[in-house]
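All chains are named by letter (A, B, ...) in the order of the sequence lines, taking the proteins before the strands, and each is independently numbered beginning at 1. Keep in mind that the numbers below use all heavy atoms, side chains included, and drop hydrogens, waters and symmetry copies. Computed from a predicted structure; not experimentally measured.
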Amino acid sequence: MISFLIRRLFYAVPVLLGVALITLLLFNVASGDPARIRLGGKGVDETELLAMQVEMGLHDPWYTQYAHFIVDTLTLNFGRSWTDDTLVSDIFLRGIGPTLSLSVPAFLMGTSLAIALSLLVAYFRGRPIDRIVTTAAIAGISVSSLVYILFGQWLLADQLKLFPIWGYEYGPRAILFLALPITIWILLSVGTDIRYYRTVALEEVHQDYVRTARAKGLDEQTILFKHVLANCSVPIVTRMTIAIPFLITGAFLLEIFFGIPGLGSELYRSIMGSDFPVVKAFTMLGAVLYVFFNILADVLYAVFDPRIRLS
Amino acid sequence: MVSMQQMWLIVGVLFGGLLACSPNPYPGEEGSILHVALSSPPKSLDPPMSEDSYSNKITSQIYEGLLAYHPYARPYQLVPALAAEMPTVSEDQMTYTFKLREDVVFQDDPCFPDGKGRRVTGEDFIFAFKRLAHPETKAKGWWIFDGKIEGMNEWRSKIASDIATLRAEGKEVPELYGIDSPLSGIQHNDQNSELIIKLGPAGEGAHGARMCNNNRDEDEDGLIDEADPDCQRKPYPQLPWVLAMSYAAVYPREAVEYYGQEFRNNPVGTGPFQMKEFNPVYRAVLERNPTYREVRVPDPVNHPEDRLEGWDWQADVEAGLLEYAGARVPQYSGMEMRFIQEDQPRWLYFKNGYLDFLSPPKDNMKEVVVQDGLSPEMEERGIRLSTVPQLDTVYTSFNVQDPVMNNVHLRRAMALAIDHGWIIDNLYAGQATMARSVIPPGVGGHISDYHPYHQEDGTADLDSAKAEMAAAGYPNGLDPKTGEPLRLVFQSSGSSATSIQHDSRFVDDMRQLGIEIEVVNNTFGQMLEKMDNGDYQIASLAWNFDYPDAQNILQMFYGPNIDVKLNASFYENAEFDSLYEQATALPDSPERNALYSEMSQIISDDVPWISRVHRIGQNLKHPWLTGFKYTSVNDQYWRYVHIDRQERDAAIERFNQPIRWPIFVVVLGFIAVIGWGLRERKGAA
């Protein structure tokens with residue numbers, strides 16, 4: 001296990017270095033002069049432009065800029081936002097709360113619902129309900145997320161007046177504003193999850209231990225929710241682990257359309273304002289989280305299933 | 001492990017929660033709050049940096065300057081704000097003397113020793129103006145004083161040079177280094193409460209041509225002094241307008257020192273409102289400033305001194321705009337500005353009464369306006385629509401120094417090929433008028449009857465365009481060198497659906513002449529960089545006027561402004577330049593307007609730009625909001641409105657009655673399907 005971990009972490013290093021290099025190239029080279037973008041206004045003074053380029057280290061050799069970027073990333077020193085001079089770390093701290101208040105409940109409820117429905121269709125396997133749910137799941141996946149958001153907002157908030165259209169409050173009142181985006185998040189994710197968990201569940205219900213349990217006289221509910229679910233937990237937990245980075249980086253569209261001031265909104269604002277320090281920080285954060293939780297998923301797989309040997 | 005019964009209990013709780021939800025986005029709100037939506041978050045609340053309109057909408061409620069726009073007068077007029085009266089201008093128009101009000105205090109704030117705001121003095125204005133000019137501020141608004149105020153450029157250059165030297169020596173530079181060094185161009189006299197602004201040569205320095213009002217350095221000596229013929233003292237008639245901009249607002253030095261870099265998120269001003277809560281991606285909540293001086297809604301009926309010359313106040317009285325004339329401003333307890341970037345939620349918010357006014361998104365105009373006027377839904381809710389020509393010009397710029405685009409016949413042909421009418425109807429939803437001149441209506445110098453390369457009805461004139469193409473040496477659009485269609489490159493800066501539609505239409509219009517347009521996509525910054533460097537042939541932009549004076553747009557054709565990156569079409573015309581220099585030395589007058597008109601005609605002839613449209617600002621407001629006279633030029637007028645809270649609450653309740661029966665249908669349907677499935681399975685077994 002230890003050697004596996006060390007090896008995976010070792011492999012992660014060139015991946016992250018590559019992401020950092022591509023990020024630097026994209027922002028410092030391909031997107032135009034960052035100093036001009038930062039100063040952008042009515043006719044940039046050449047003297048000021050030069051001074052800004054020096055201040056930003058743009059005249060340093062590319063490998064020097066790259067090294068500084070790596071060091072800054074490792075020390076979590078992403079500098080200040082070009083838009084409002086706020087520390088990038090403060091921007092993260094400001095946005096993480098609203099993001100998690102949306103993503104964590106939505107994810108947990110969506111996963112629970114998907115697992116329950118998957119077990120349900122496993123129970124009704126081959127029957128019309130199985131086909132109805134499966135067809136509905138596929139139809140649901142086929143619809144663009146923007147359609148869910150726009151239609152859901154229009155129907156549930158504007159036409160039926162069940163939820164606030166947009167907005168957020170900190171504290172317990174957040175639940176009033178999160179109900180609709182969470183509902184839409186669940187609708188968006190449940191189709192894909194049902195298909196996956198259904199496959200996992202169906203594999204399990206055909207195992208010998210299930211046949212044995214039935215022969216012993218256990219009812220289907222106990223078989224599904226106690227024995228089958230327990231054996232499905234490995235792929236469930238690993239799938240959930242891989243999804244965690246996306247909970248943290250924020251549900252971009254949901255936050256913008258529903259006014260959740262989370263990391264997704266912060267990222268959107270930064271992209272629209274060409275706020276390179278913030279966007280670069282988000283990019284690196286996303287890469288690090290993705291690599292880390294992938295490694296964790298592999299480790300958890302071995303922990304939960306002793307048949308798996310990490311090598 | 002969760003049992004089936006427990007799962008049903010959880011589902012039941014969730015559905016119960018759905019039933020309990022309320023659509024009200026302002027739970028527990030107290031007082032009378034103006035509800036506003038901005039379609040983009042602000043970039044900075046620091047006055048020298050508040051370049052974008054969204055920042056200005058917030059800063060104009062908190063900060064004030066010497067002058068302000070009258071909330072109701074049209075054409076726009078300036079009135080004293082923190083100045084006690086309009087300035088006294090010397091005979092040579094080079095010295096402006098402002099008598100300052102003595103009843104103005106800064107809002108209470110922790111930056112002051114005892115938390116109490118103090119009286120505003122002339123020193124505060126000097127500090128604010130110097131900070132605008134200070135090189136370390138990197139102020140977006142520095143251009144309002146650049147090369148205009150006596151000694152200011154020299155002052156700025158000296159500080160920049162000193163800072164560079166200190167840094168080269170590895171020494172730390174204090175914040176606002178050198179800000180207290182003397183500046184001759186702005187003085188104050190505390191005894192008389194006067195602030196004196198002197199215009200003139202910017203002083204010796206290394207900036208060369210940029211230092212002088214006329215921006216020319218013909219002897220190219222790079223040195224400026226009083227005797228240099230390049231640097232004759234020239235008036236700056238636009239000074240009052242720029243002093244009404246947020247860039248020139250006053251704020252206390254204590255706040256800058258106390259908050260440091262966070263000052264841009266912690267405004268401290270003298271205006272009717274102060275910041276209560278600010279989340280840069282969500283909302284700004286302002287509350288009434290309890291120390292705001294006494295300002296009242298103009299009352300021209302009862303107070304003749306309020307009857308500003310040129311203001312048709314009787315019409316505003318009849319329109320009900322002055323229903324609360326004489327009332328102390330503001331008449332409500334605060335405002336909440338939510339940054340709703342997407343069109344749908346913004347529109348739905350307004351329709352349901354959660355916003356008091358809104359400029360409707362283009363795609364929702366069909367819900368607002370039907371053939372003969374407002375839609376029945378709008379009428380039923382008492383919503384009113386205002387349309388106001390915006391002070392802007394949307395244009396297509398040509399780089400006239402490009403070897404292909406320096407052909408005036410080619411540019412004229414392209415101008416004639418554009419179908420402005422189709423574009424206005426289909427891409428602006430009618431929210432624009434064809435630009436017959438580079439100067440929009442409502443601005444002195446505008447002429448509507450001289451547009452040789454625009455048809456009166458806005459349609460394309462392909463016959464004339466093709467004749468111009470032949471005169472240009474490209475008969476039927478063919479490049480004689482290659483025998484192929486002429487290929488030109490168009491720099492685009494937008495990736496939105498609207499931007500793509502505009503670009504596509506331009507390509508189609510040019511194809512009518514046989515010209516093939518290659519569209520190159522850029523970020524906005526990339527496009528500006530290419531234009532600054534002359535590395536383009538064609539680009540499209542819009543110019544929003546900073547103030548209602550045609551100089552603001554005509555400066556973009558003035559030859560010497562190529563050096564300072566304002567003249568991005570690299571257009572040079574000696575006659576135009578001469579007229580410009582004459583006009584910019586004159587105060588607002590028929591004589592100056594005549595010069596502006598003449599310049600506008602030159603631009604119409606030479607077509608360094610194709611003037612496309614002037615956009616129409618449209619605004620919807622609910623009936624409970626009164627005293628609201630919409631304009632896009634500034635947002636200070638928001639403080640003069642009145643909100644009928646009771647009427648609004650009643651309307652919101654009426655508009656937002658929840659419809660819950662579909663929840664029961666879904667739940668029952670779900671139960672029915674499960675029940676049927678169980679029976680079906682049992683039957684099969």
**Student:** Go through the atoms of A:Leu119 and report whether side chain, backbone, both or neither lie under 4.5 Å from a heavy atom of chain B.
**Tutor:** neither
**Student:** Under 4.5 Å from any heavy atom of chain B, what part of A:Ser265 do you find: side chain, backbone, both or neither?
**Tutor:** both
**Student:** Minimum heavy-atom separation for B:Gln344 to A:Leu150, with atom names?
**Tutor:** NE2-O, 2.9 Å
**Student:** Without swapping roles, check the side chain of B:Arg283 against the backbone of A:Tyr168 for a donor-acceptor pair under 3.5 Å.
**Tutor:** no
**Student:** Between B:Ile340, B:Asn656, B:Asn352, which residue shows the highest count of heavy-atom pairs closer than 4.5 Å to chain A?
**Tutor:** B:Ile340
**Student:** Classify the ring geometry of B:Tyr349 against A:Trp166: parallel below 30°, tilted from 30° to 60°, perpendicular beyond 60°.
**Tutor:** perpendicular
**Student:** Can you tell me if NZ on B:Lys530 sees more than 12 non-hydrogen neighbours from other groups inside 6.0 Å?
**Tutor:** yes
**Student:** Supply the atom-to-atom distance A:Leu253 CG to B:Glu342 CD, rounded to the nearest 0.5 angstrom.
**Tutor:** 8.0 Å
**Student:** Would the number of heavy atoms belonging to other residues, nucleotides or ligands and lying under 6.0 Å from CD of B:Glu175 be above 12?
**Tutor:** no
**Student:** Chain A heavy atoms under 4.5 Å from B:Gln341: which part of the residue, side chain, backbone, both or neither?
**Tutor:** side chain
**Student:** Relative to chain A, which segment of B:Lys138 carries a heavy atom at a distance below 4.5 Å: side chain, backbone, both, or neither?
**Tutor:** side chain
**Student:** At a heavy-atom separation under 4.5 Å, does A:Thr222 approach chain B through its side chain, its backbone, both, or neither?
**Tutor:** neither
**Student:** Could you grab the distance from atom OH of B:Tyr282 to atom CD of A:Glu266, nearest 0.5 Å is fine?
**Tutor:** 13.5 Å
**Student:** Less than 4.0 angstrom from a charged side-chain N to a carboxylate O is my criterion; do A:Lys161 and B:Glu653 meet it?
**Tutor:** no
**Student:** Relative to chain A, which of B:Val673, B:Ile659, B:Asn24 shows the most heavy atom pairs under 4.5 Å?
**Tutor:** B:Ile659
**Student:** With chain B, which of A:Thr86, A:Asp130, A:Ile91, A:Asp158 has the greatest number of heavy-atom pairs at distances under 4.5 Å?
**Tutor:** A:Asp158
**Student:** Is the closest side-chain heavy-atom distance between B:Ser40 and A:Met272 below 4.5 Å?
**Tutor:** no
**Student:** Specify which of B:Pro41, B:Ser44, B:Pro25, B:Pro280 makes the most heavy-atom pairs with chain A at under 4.5 Å.
**Tutor:** B:Pro280
**Student:** Is A:Phe257 close to chain B through its backbone or its side chain, or both, or neither, when contacts mean heavy atoms under 4.5 Å?
**Tutor:** both
**Student:** Compare all side-chain heavy atoms of B:Trp676 with those of A:Pro128 and state whether any distance is below 4.5 angstrom.
**Tutor:** yes
**Student:** Does any backbone or side-chain atom of B:Pro42 lie under 4.5 Å from a heavy atom of chain A? Answer side chain, backbone, both or neither.
**Tutor:** backbone
**Student:** May I ask you to test the A:Leu160-B:Arg660 pair for a side-chain heavy-atom distance under 4.5 Å?
**Tutor:** no
**Student:** Answer yes or no: is there a side-chain heavy-atom contact under 4.5 Å between A:Asp85 and B:Asp46?
**Tutor:** no
**Student:** Could you measure the distance from the OG1 atom of A:Thr83 to the CE atom of B:Met49? Nearest 0.5 Å is fine.
**Tutor:** 10.5 Å
